[in-house]
Amino acid sequence: MIGDRELLREACAARIHAYAPYSHHLVGAALLGRSGKIYRGANVENSVNGLSICAERVAVAKAVSEGEREFVKLAVVCGDTGFCRPCGACRQVLFEFAPQIQVVMGNTRGEFEVKSLAELLPAAFDGSSFKRSAS
Ligand SMILES: [Zn+2]
């Protein structure tokens, strides 16, 4: 299986294609599917602020729309310092498909840390209350 450092490099490659003329905050993501295939994503901003989409969710949408729904690991990178953190919306979208996923959060210098999604989104909303109320 692909290592954390290699997946982070994939995220750095994805970041090159970020479209961020408003925030200038370039983000890249690389999502490793159970199949072994890697789906890259970059943030895509819009002049209507609410229509912008994060790199992580672009990667998930690419994967799901190509038939893959099980994921092992996600790498995300933004600047050259600190560790890039997925926003709350992206954490919830990851939880939908991969509650057990590992998240590699890094920077363009190749430094990173790894946390589980369970650490990043404890007591997540899993839709169970919604399902109960529907019956
Ligand atoms: Zn996000």
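We count ligands from 1, going down the list as the structure has it; atoms in each ligand are counted the same way.
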Undergrad: Test of understanding: with side chain to side chain contact (heavy atoms under 4.5 Å, CB included), list the residues that count as partners of Ala124, not counting sequence neighbours.
TA: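 Per chain and number, Ala124 pairs via side chain to side chain contact (heavy atoms under 4.5 Å, CB included) with Phe95, Leu121.
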Undergrad: Holding to side chain to side chain contact (heavy atoms under 4.5 Å, CB included), I want the full list of residues that pass it with Asp80, two or more places apart in sequence or in another chain.
TA: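 Here the qualifying residues are Thr108, Arg109.
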Undergrad: Does a donor on one side chain sit under 3.5 Å from an acceptor on the other, for Glu45 and Ser23?
TA: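 Glu45 vs Ser23: donor-acceptor pair found between side chains.
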Undergrad: What is the number of protein N, O or S atoms that sit under 2.8 Å away from the Zn ion (ligand 1)?
TA: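 For the Zn ion (ligand 1), protein nitrogen, oxygen or sulfur atoms under 2.8 Å: 3.
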Undergrad: Please enumerate all residues that pass side chain to side chain donor-acceptor pair (under 3.5 Å) together with Asp4, with sequence neighbours excluded.
TA: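 Applying side chain to side chain donor-acceptor pair (under 3.5 Å) to Asp4 gives Lys73.
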Undergrad: Using side-chain contact (heavy atoms from CB on, under 4.5 Å), reason through Val27 and Val77 one step at a time and then give a plain yes or no.
TA: CA-CA 6 Å; Val27 186; Val77 66; over 6 Å; no
Undergrad: Can a side-chain donor-acceptor contact be found between Tyr39 and Glu66 if the only test is distance below 3.5 angstrom?
TA: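 No pair is found: no donor N or O on one side chain lies under 3.5 Å from an acceptor on the other.
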